[in-house]
K.L.:
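The structure is given below, and queries will be raised subsequently.
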Amino acid sequence: MTDLPQNTDLPPGSKSQPAHADTVDALTVMRARARDTDQHGGGNPDARLVLVTGVSGAGRTTSLKILEDFGFDAVDNLPLRLLPNLLSGDAELHVPVAIGLDIRTRDFGVDQFGDIIASLRAQSGLDVTVVFVDAENTVLQQRFTESRRPHPLTQDRPLVDAIAHEKRLMAPIATIADVQIDTSRLKAAELRKILQDQFASPTSGQMAIFVKSFSFRQGVPGEADLVFDVRFLRNPHYDPDLRNLTGMDPRVGDYVAQDRDFAGFMDRLKALIGPILPRYAEEGKSYLTIAVGCTGGKHRSVYIARLLNEWISTLGYDVHLSHRDKPAEPDETKQGEMI
């Protein structure tokens with residue numbers, strides 16, 4: 001689904017924006033839950049506060065809803081001046097809280113935002129994480145066009161200029177974010193998994209591994225931790241019988257596997273990845289993304305990513321496979337549409 005902030009056709013201060021009273025009521029509910037948690041025990045030693053910000057149309061609203069599903073109390077567009085008072089009252093917040101902030105937020109200012117974040121991070125007993133969601137300009141333009149919602153900064157400027165202007169305004173905030181997520185080619189399910197591994201209550205403490213194929217023509221995935229280029233392998237694109245197939249087809253796999261360097265490459269790739277996976281886990285990494293790229297993201301990268309996924313699963317890891325740029329197969333559904 002296309003994710004755009006609510007009321008993006010309204011400038012800051014519009015009458016249709018969330019009322020100040022609604023925000024205060026939401027904070028009152030949070031504090032009441034905190035006091036109830038204290039009375040019944042089970043409170044965490046540190047209050048967890050996640051601030052979700054980023055550029056319009058990049059998935060901030062979707063991210064906030066996902067965090068709410070994970071048990072966070074969520075408030076969207078909290079006036080910036082209220083942030084320092086978030087923990088005031090009779091009890092600290094011992095339930096996780098997620099706050100959505102963007103260019104539409106009342107009294108939003110880049111300098112003020114940075115000062116407030118520094119102040120919150122300096123507070124003892126408070127675990128603050130800033131999440132910044134972003135996407136490529138062309139992707140944002142497509143999302144706004146398809147949704148037919150105006151960009152909040154459009155006013156008298158074209159959409160492409162509004163997007164570029166907001167990017168410039170928000171750039172300093174991206175530099176202080178703890179987590180940056182590029183949703184340009186993420187599907188909603190992939191975004192959910194990233195946020196789940198980062199913020200959901202741990203169940204097994206196991207590191208999640210994402211293996212993803214991609215096309216170098218479309219750019220390297222921004223979330224990739226390890227990137228492997230398999231463009232040196234023989235290319236099925238030049239075989240007329242294989243050109244319209246993908247790396248999901250056994251015939252394409254057989255063709256790639258016949259390359260004289262294929263077996264040696266796979267052995268060395270496993271020898272490289274195998275020893276470092278437990279080291280990443282020991283460092284407390286919640287998730288690891290391994291990206292495999294070829295020219296079109298259709299044949300070689302898809303096949304190699306499949307092999308890696310199968311091999312890593314035999315090592316006992318929680319591994320997930322996706323193909324960013326592979327054409328949809330005839331029997332594939334539309335599940336996991338773009339954010």
Side-chain angles (χ1 to χ4, degrees), residues 1-20 22-23 26-27 49-68 72-84 86 97-117 120 128-137 139-145 147 149-155 157 159-184 186 188 191 194-195 199 338-339:
M1 65 178 178
T2 300
D3 171 60
L4 295 173
Q6 298 176 357
N7 301 327
T8 54
D9 54 330
L10 301 174
S14 167
K15 293 181 181 180
S16 297
Q17 282 201 318
H20 174 79
D22 293 339
T23 300
L27 291 176
L49 174 62
V50 176
L51 303 177
V52 184
T53 185
V55 298
S56 304
R60 181 189 55 80
T61 301
T62 298
S63 299
L64 203 61
K65 290 178 180 178
I66 291 172
L67 290 173
E68 191 171 23
F72 281 74
D73 278 340
V75 176
D76 200 6
N77 282 318
L78 177 75
L80 203 58
R81 64 183 179 276
L82 294 183
L83 266 180
L86 184 61
V97 176
I99 307 289
L101 301 163
D102 69 358
I103 204 72
R104 298 174 300 121
T105 300
R106 286 185 180 88
D107 60 31
F108 188 90
V110 173
D111 293 338
Q112 183 185 9
F113 184 90
D115 293 340
I116 290 176
I117 295 305
L120 291 173
V128 180
T129 304
V130 179
V131 176
F132 190 95
V133 291
D134 198 358
E136 297 173 1
N137 289 22
V139 174
L140 293 173
Q141 185 174 0
Q142 180 182 359
R143 291 176 183 175
F144 276 103
T145 301
S147 69
R149 291 184 177 181
H151 189 281
L153 296 182
T154 299
Q155 299 173 357
R157 56 169 64 92
L159 174 59
V160 63
D161 292 342
I163 292 173
H165 181 55
E166 184 183 22
K167 286 256 185 144
R168 289 192 295 269
L169 292 176
M170 299 296 288
I173 294 179
T175 63
I176 64 173
D178 302 290
V179 179
Q180 295 190 40
I181 304 175
D182 186 339
T183 68
S184 299
L186 283 183
L191 175 61
I194 290 174
L195 292 174
F199 298 110
M338 297 300 294
I339 297 167

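In what follows, every heavy atom counts, from backbone to side chain, and hydrogens, waters and symmetry copies are set aside.
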K.L.:
For a quick test of reading the model, state the closest non-hydrogen atom pair linking Asp102 to Ser56 and the distance between them.
P.N.:
OD2-OG, 4.5 Å
K.L.:
Can you list everything that forms a side chain to side chain contact (heavy atoms under 4.5 Å, CB included) with Glu68? Sequence neighbours excluded, please.
P.N.:
Ala74
K.L.:
Under the side chain to side chain contact (heavy atoms under 4.5 Å, CB included) rule, what do Leu195 and Ile181 come out as? Steps first, then yes or no, please.
P.N.:
CA-CA 10 Å; Leu195 292 174; Ile181 304 175; 3.9 Å; yes
K.L.:
Would you indicate whether the side-chain heavy atoms of Val55 and Ile163 approach each other to under 4.5 Å?
P.N.:
no
K.L.:
Are side-chain heavy atoms of Leu169 and His165 found at a separation under 4.5 Å?
P.N.:
yes
K.L.:
Nearest 0.5 Å, please: how far is CG in Leu120 from CG in Asp115?
P.N.:
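Asp115 CG to Leu120 CG: 11.0 Å, rounded to 0.5 Å.
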K.L.:
Start with the C-alpha gap between Val75 and Val97, add the side-chain angles, then the distance that decides, and say whether side chain to side chain contact (heavy atoms under 4.5 Å, CB included) holds.
P.N.:
CA-CA 8 Å; Val75 176; Val97 176; 5.6 Å; no
K.L.:
Side chain to side chain contact (heavy atoms under 4.5 Å, CB included), that's the test. Do Leu67 and Val131 meet it? Break it down for me.
P.N.:
CA-CA 11 Å; Leu67 290 173; Val131 176; 5.9 Å; no
K.L.:
CD1/Ile66 to OG1/Thr62 distance, rounded to the nearest 0.5 angstrom?
P.N.:
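Taking CD1 in Ile66 and OG1 in Thr62, the distance rounds to 6.5 Å.
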K.L.:
Would you say the side-chain atoms of Arg143 and Thr183 include a donor-acceptor pair closer than 3.5 Å?
P.N.:
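A donor-acceptor contact under 3.5 Å links the two side chains.
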K.L.:
Parallel, tilted or perpendicular: which one describes the rings of Phe144 and His151, with boundaries at 30° and 60°?
P.N.:
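Phe144 and His151: tilted rings.
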K.L.:
Look up atom CZ in Arg60 and atom CG in Leu64, then write down how far apart they are to the nearest 0.5 Å.
P.N.:
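Reported to 0.5 Å precision, the distance equals 7.0 Å.
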K.L.:
At their closest point, which heavy atom of Phe199 faces which heavy atom of Phe72, and how far apart are they?
P.N.:
O-CE1, 3.8 Å
K.L.:
Is there side-chain contact between Ser63 and Leu191, with at least one heavy-atom pair below 4.5 Å?
P.N.:
yes
K.L.:
Locate the shortest heavy-atom distance separating Leu101 from Thr53; write the atom from each residue and the value.
P.N.:
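Closest approach of Leu101 to Thr53: O-OG1, 2.8 Å.
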K.L.:
Rounded at 0.5 Å granularity, tell me how far CZ in Phe113 sits from CG in Leu51.
P.N.:
5.5 Å
K.L.:
What's the separation between atom CD1 in Ile99 and atom CG in Leu78, rounded to the nearest 0.5 Å?
P.N.:
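It is 5.0 Å, given to the nearest 0.5 Å.
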K.L.:
Which value, rounded to the nearest 0.5 Å, describes the distance between Thr61 atom OG1 and Lys65 atom NZ?
P.N.:
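Rounded to the nearest 0.5 Å, the OG1-NZ separation comes to 6.5 Å.
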K.L.:
What residue pairs, at least two apart or across chains, pass salt bridge (charged side-chain N to carboxylate O under 4.0 Å, His left out) with a residue in residues 165-177?
P.N.:
Asp134-Lys167
